[in-house]
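In this text the structure is predicted, and so the values were computed from the model without any measurement. All residue numbers in this chain count up from 1 along the given sequence.
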Amino acid sequence: MSLAPYSEPFAKFRDWFQLASRKETNDPNAMALATVGSEGQPSLRMVLLKEADERGFVFYTNYESKKGRQILETRRAALCLHWKSLARQVRVEGLVENVSDLEADAYFASRDRSSQIGAWASQQSRPLESRFELEKRIALFAAKHAVGTVPRPPYWSGFRCIPGLIEFWENRPFRLHDRLVYHRSGEGWSTEKLFP
């Protein structure tokens with residue numbers, strides 16, 4: 001397999017992601033999301049990639065969560081998708097924007113009803129006294145939204161990471177891996193290979 005550059009990174013990402021979707025048995029769209037707050041301490045967690053195109057990489061969350069607050073504060077993030085079955089990974093670094101209300105509403109409407117209720121019930125990243133407290137909140141919001149569609153909470157939406165850098169990494173024998181980096185350059189992209 002070759003890491004020969006495409007003229008832009010998104011076609012390459014689509015090719016790799018399509019292959020991962022066929023080969024990776026668990027959550028091929030799982031990605032590590034790194035954020036940092038004003039104190040400079042990095043924070044890392046797994047999220048699910050919900051859309052990727054020329055505009056960027058989209059994921060959804062509670063804006064009042066730790067990651068939501070940090071992104072709204074700094075407007076920066078880094079992502080990493082790792083497909084062990086393919087011995088490949090993709091790293092992304094960039095600025096972050098909010099998705100539109102229309103996009104967030106459409107994605108929220110596509111979620112399972114229990115996940116929609118969960119978005120209302122969970123005060124994400126805040127202290128929880130007991131599991132019973134969460135179960136009470138789930139029951140409360142399930143009753144509140146027992147009939148009809150569940151509206152999207154005002155604090156729940158999506159972010160789009162607009163890449164300034166995308167690195168494609170592929171395993172090679174003796175740890176002499178292939179690394180190809182795309183750097184945003186004006187309206188286009190420049191590429192460089194890196195030592196492993």
Side-chain angles (χ1 to χ4, degrees), residues 1-61 63 65-99 103 107 125 157-196:
M1 292 182 214
S2 171
L3 279 180
Y6 293 45
S7 61
E8 51 82 21
F10 299 105
K12 186 174 190 66
F13 180 81
R14 279 191 297 275
D15 287 349
W16 278 29
F17 189 77
Q18 286 171 2
L19 182 59
S21 296
R22 294 193 307 269
K23 300 284 188 179
E24 191 73 23
T25 55
N26 292 311
D27 296 325
N29 62 330
M31 62 182 184
L33 165 66
T35 59
V36 65
S38 58
E39 73 289 346
Q41 175 61 50
S43 186
L44 182 69
R45 78 289 285 158
M46 300 300 292
V47 298
L48 296 177
L49 174 67
K50 291 300 178 180
E51 184 181 344
D53 59 24
E54 287 74 10
R55 296 175 300 159
F57 298 80
V58 175
F59 57 96
Y60 289 86
T61 190
Y63 277 11
S65 67
K66 183 175 184 177
K67 61 184 171 295
R69 292 191 318 270
Q70 288 185 334
I71 289 171
L72 290 170
E73 185 178 349
T74 66
R75 291 294 177 176
R76 296 182 181 278
L79 315 170
C80 182
L81 293 103
H82 175 239
W83 302 300
K84 188 171 180 65
S85 62
L86 300 179
R88 289 178 172 177
Q89 64 180 332
V90 176
R91 289 192 324 104
V92 178
E93 296 175 3
L95 299 176
V96 181
E97 67 180 14
N98 300 43
V99 301
E103 290 173 287
Y107 174 67
S125 299
S157 191
F159 287 117
R160 176 177 287 105
C161 182
I162 305 163
L165 175 151
I166 302 179
E167 178 183 340
F168 293 87
W169 179 100
E170 191 164 16
N171 185 63
R172 293 292 185 172
F174 311 111
R175 301 201 177 275
L176 300 176
H177 312 307
D178 274 337
R179 297 177 67 188
L180 174 64
V181 180
Y182 286 79
H183 296 277
R184 193 177 292 274
S185 178
E187 295 298 311
W189 295 87
S190 62
T191 60
E192 66 177 345
K193 299 277 281 191
L194 299 181
F195 276 96

Any side-chain heavy atom of [X] within less than 4.5 Å of one from [Y]?
X: Leu72; Y: Asn98; value: yes
X: Glu192; Y: Ser190; value: no
X: Ile162; Y: Glu97; value: yes
X: Tyr107; Y: Glu51; value: no
X: Arg91; Y: Leu165; value: yes
X: Phe13; Y: Leu81; value: yes
X: Leu19; Y: Arg88; value: yes
X: Arg76; Y: Leu95; value: yes

Say whether, by atom type as modelled, one donor and one acceptor occur between the side chain of [X] and the main chain of [Y] under 3.5 angstrom.
X: Tyr63; Y: Gly158; value: yes
X: Arg184; Y: Pro163; value: yes
X: Arg179; Y: His177; value: no

Can you measure from [atom1] ([X]) to [atom2] ([Y]) and round to the nearest 0.5 angstrom?
X: Trp83; Y: Asp27; atom1: CH2; atom2: CG; result: 13.0 Å
X: Glu93; Y: Glu167; atom1: CD; atom2: CD; result: 8.5 Å
X: Arg75; Y: Phe159; atom1: CZ; atom2: CZ; result: 6.0 Å
X: Ile71; Y: Thr61; atom1: CD1; atom2: OG1; result: 7.5 Å
X: Ile166; Y: Lys12; atom1: CD1; atom2: NZ; result: 11.5 Å

Testing the basics here: between [X] and [Y], what is the closest heavy-atom pair and its distance to 0.1 Å?
X: Leu48; Y: Ala30; result: CD2-CA, 3.9 Å
X: Arg172; Y: Leu176; result: CB-O, 2.9 Å
X: Pro28; Y: Ala20; result: CB-O, 3.6 Å
X: Ala87; Y: Trp169; result: O-CZ3, 3.6 Å
X: Val36; Y: Pro42; result: CG2-N, 3.9 Å
X: Tyr60; Y: Glu103; result: OH-O, 3.6 Å

Practice prompt. Could you give me the CA-CA distance, side-chain angles and deciding distance for Val47 and Leu49, then say whether side chain to side chain contact (heavy atoms under 4.5 Å, CB included) is met?
Written response: CA-CA 7 Å; Val47 298; Leu49 174 67; over 6 Å; no
Worksheet item: Taking Thr35 as the fixed residue, which of Gln41, Gln70, Lys67 is the one that meets the side-chain hydrogen bond (donor to acceptor under 3.5 Å, both in side chains) rule?
Response: Gln70
Worksheet item: Which class fits the ring pair Phe57 and Phe10: parallel under 30°, tilted 30 to 60°, perpendicular over 60°?
Response: tilted
Worksheet item: Is the Phe168 ring parallel, tilted or perpendicular to the Trp16 ring (thresholds 30°, 60°)?
Response: perpendicular
Discussion item. Tell me whether Glu187 at atom CD has more than 12 heavy atoms from other residues, nucleotides or ligands lying less than 6.0 Å away.
Written reply: no
Practice prompt. Could you go through the side chain to side chain contact (heavy atoms under 4.5 Å, CB included) check for Tyr6 and Thr191 one step at a time?
Written response: CA-CA 9 Å; Tyr6 293 45; Thr191 60; over 6 Å; no
